[in-house]
Structures are given as structure tokens and as C-alpha cells.
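Some notes on the structure that comes next.
Computed over heavy atoms, backbone and side chain alike; hydrogens, waters and symmetry mates excluded.
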Amino acid sequence: MKKIVIALSVLALLTSCVSKKKYADLEARNKETQDLLNSATVKLNSCLEEKAGLTATVAGLKEHNQGLLNVSKDLTMLTSKGAENLEKSLESLKEKDLKISRLQDALTRKDSVTLALVSSLKSSVGISDSDIEINVEKGVVFISIADKLLFKTGSYEVSDKAKGVLAKVAKVVNDKPDFECMVEGHTDNVPLNGSGILLDNWDLSVKRSTSIIRVLTNQLGVKPEQLIAAGRSSYIPLVANDSAENRARNRRTRIVVLPKIDQFYDMIEKEMKKQQK
């Protein structure tokens, strides 16, 4: 029995020794494994953080790329609209150039008509007479005839001498059926004396205008629809009414020749309306 107890004690001792050694080995392996696990965990966390960063970067790049695509699309649309607007602007410029060219042509034609009229009047009426002046102001032709060639002082009856001058004017007007003539009577500033048909210089200036128109229409064959009667009294003098000579200059009849270039004015009006739109 004693032998059995001893044997069991030895066996227990041996078993105990083997278990501690094995336990230490297992402890070492467990520590090594734990270290490896901790290391792997650190690396995993690092990878996860890096992945999260890369994911955010990718998302940012996608958003930026989409932004660039949108900008590119907008630029394409703007470029297309810009090209369209540029084309429209060029067309508008071409139209304006054409309008300007047409207006210039019309002005040239108008100037040509005016110059031809002046030449015709000068050759017909005769500019050598100092009492007859022909000039052009702003495209309008004016024939100014001194009062002494047409009327007696204070009278509105046309003299026989005046009819010769008016006959030349009538010939020019009759040759130009598309023209109108405004006959303007002008006086000096000396008031009319007495009473009667003529109340003042307004009456005298208008009466002289209508008297000349009656000669042109009744005796010289000018169409009445081409004539306009006007009286300006003494309010548009050529010179100051401060001497007999100057007053004589201011007493005059002015015939304003107005070409009927309705097409020219109609075209200008239409072009101006188009440009205002």
C-alpha cells in the first residue's frame, strides 16, 4: 500500500511538472497571438481610416467632376447662345449698314434734285439781278425777290414788271409737278397809316402773298395745289430796320421751293421706327 501511495505521488508530481511547462508554452503562444492580433487590429483600424479617407476623397472627386460637367454643360450652352447672339448681332449690323446705305442714297438723290433745281432756277430767273437771290438752306431752295420788283410802296397789287420775273419762276414750277412752293410775304417794321382793307403789316404781307399766287395760277398756269400762301409781317428781317436801305431789303417776297420727296421721308420715318423697336 505504501508503494502504491508513493507511485501515485510520483505520478502526480510528474503530471504537475508537465502541465506547468505546457501552460507556460501556451501562455507564450497566447501572448504572441495576442500581440499579432493587436498588431492586426491596429493595421485594420489604420486601413479602415485610410479607406474612409479615400472614400471621402472619391466622393469629393465625384462631386467636383459633376461640378465640372455642369460647368462644361453651362459653358457649352453659353457658347452656343453666344454664337447665336453674335450671329444675330452681325445680322443686325448688316441690316443697319443697309439702312444707312439706303439713307445715304436717298440723301444723295435729294441733294441731286436740289442742285438740279438750283441750277434750273438760276438759269431761268437769272442771278445777275441783285434784287433776286437764290440760295439753299438745309436742302430747301429759297428765291427772294425784292419788294421794288413786285409792288409799289404800301400796295399789294403786283406790278407789270413783276409778272416777267414771276413768269420765269412759274416755268420752273410747271416743269416740276412734284414740287410745292410757299410764297412768303415780308415787310419792314414801319406801321401802316390810316385804316381800310389793310389793318397792319400782317395783312399786307399775306395780301402780297395771295396776290402773287393769283398771278401764278390765273395768268401763268401754275397748279393751285402746288402753292402755299404765307405772311410773316416784319418779324423775320434780314437786317435791322434802322435805315431806309435796310428797310428796303427787308421788304421782300420769298418763294420757298419744297420738293415732294414723300418716298424719301417715308423711308426715313420707317427706318427710324424700326431702329426704335
Hydrophobic cluster membership, with links at side-chain heavy-atom distances under 4.5 Å among I/L/V/M/F/W/Y: are [X] and [Y] in one?
X	Y	answer
Trp202	Ile213	no
Val206	Met182	no
Val257	Val215	yes

Are [X] and [Y] packed together at the side-chain level, in the sense that at least one heavy-atom pair is separated by less than 4.5 angstrom?
X	Y	value
Val165	Lys161	no
Asn246	Asn241	no
Arg252	Leu238	yes
Leu198	Tyr156	yes
Asp160	Lys163	yes
Val190	Arg247	yes
Asp147	Arg208	yes
Ser234	Asp188	no

Spatial distance of atom [atom1] ([X]) from atom [atom2] ([Y]) [nearest 0.5 Å]:
X	Y	atom1	atom2	result
Tyr235	Asn189	OH	CG	9.5 Å
Leu150	Lys148	CG	NZ	11.5 Å
Thr253	Ile212	OG1	CD1	3.5 Å
Glu184	Ser144	CD	OG	9.5 Å

Please check this pair: side chain of [X] against backbone of [Y], looking for a donor-acceptor N/O pair closer than 3.5 Å.
X	Y	value
Ser209	Ala230	yes
Asp200	Ser233	no
Ser211	Lys207	yes

Checklist entry - Per the side chain to side chain contact (heavy atoms under 4.5 Å, CB included) rule, which among Ile255, Val222, Thr210 passes with Leu227? => result Val222
Checklist entry - Just one of Asn250, Leu204, Ile236 clears the side chain to side chain contact (heavy atoms under 4.5 Å, CB included) bar with His186, so which one? => result Ile236
Checklist outcome for this item: Between Val158 and Ala162, the two heavy atoms sitting closest are CG1-CB, 3.6 Å
Checklist entry - Closest heavy-atom contact between Gly185 and Ser205? => result O-CB, 3.3 Å
Next on the checklist: Before you tell me yes or no, could you show the steps for Leu220 and Leu166 under side-chain contact (heavy atoms from CB on, under 4.5 Å), namely the whole-Å CA-CA distance, both residues' side-chain angles and the distance that decides it to 0.1 Å?
Outcome noted: CA-CA 8 Å; Leu220 301 174; Leu166 294 177; 3.9 Å; yes
Checklist entry - Does CD in Glu157 sit with more than 12 non-hydrogen atoms of other residues, nucleotides or ligands closer than 6.0 Å? => result no
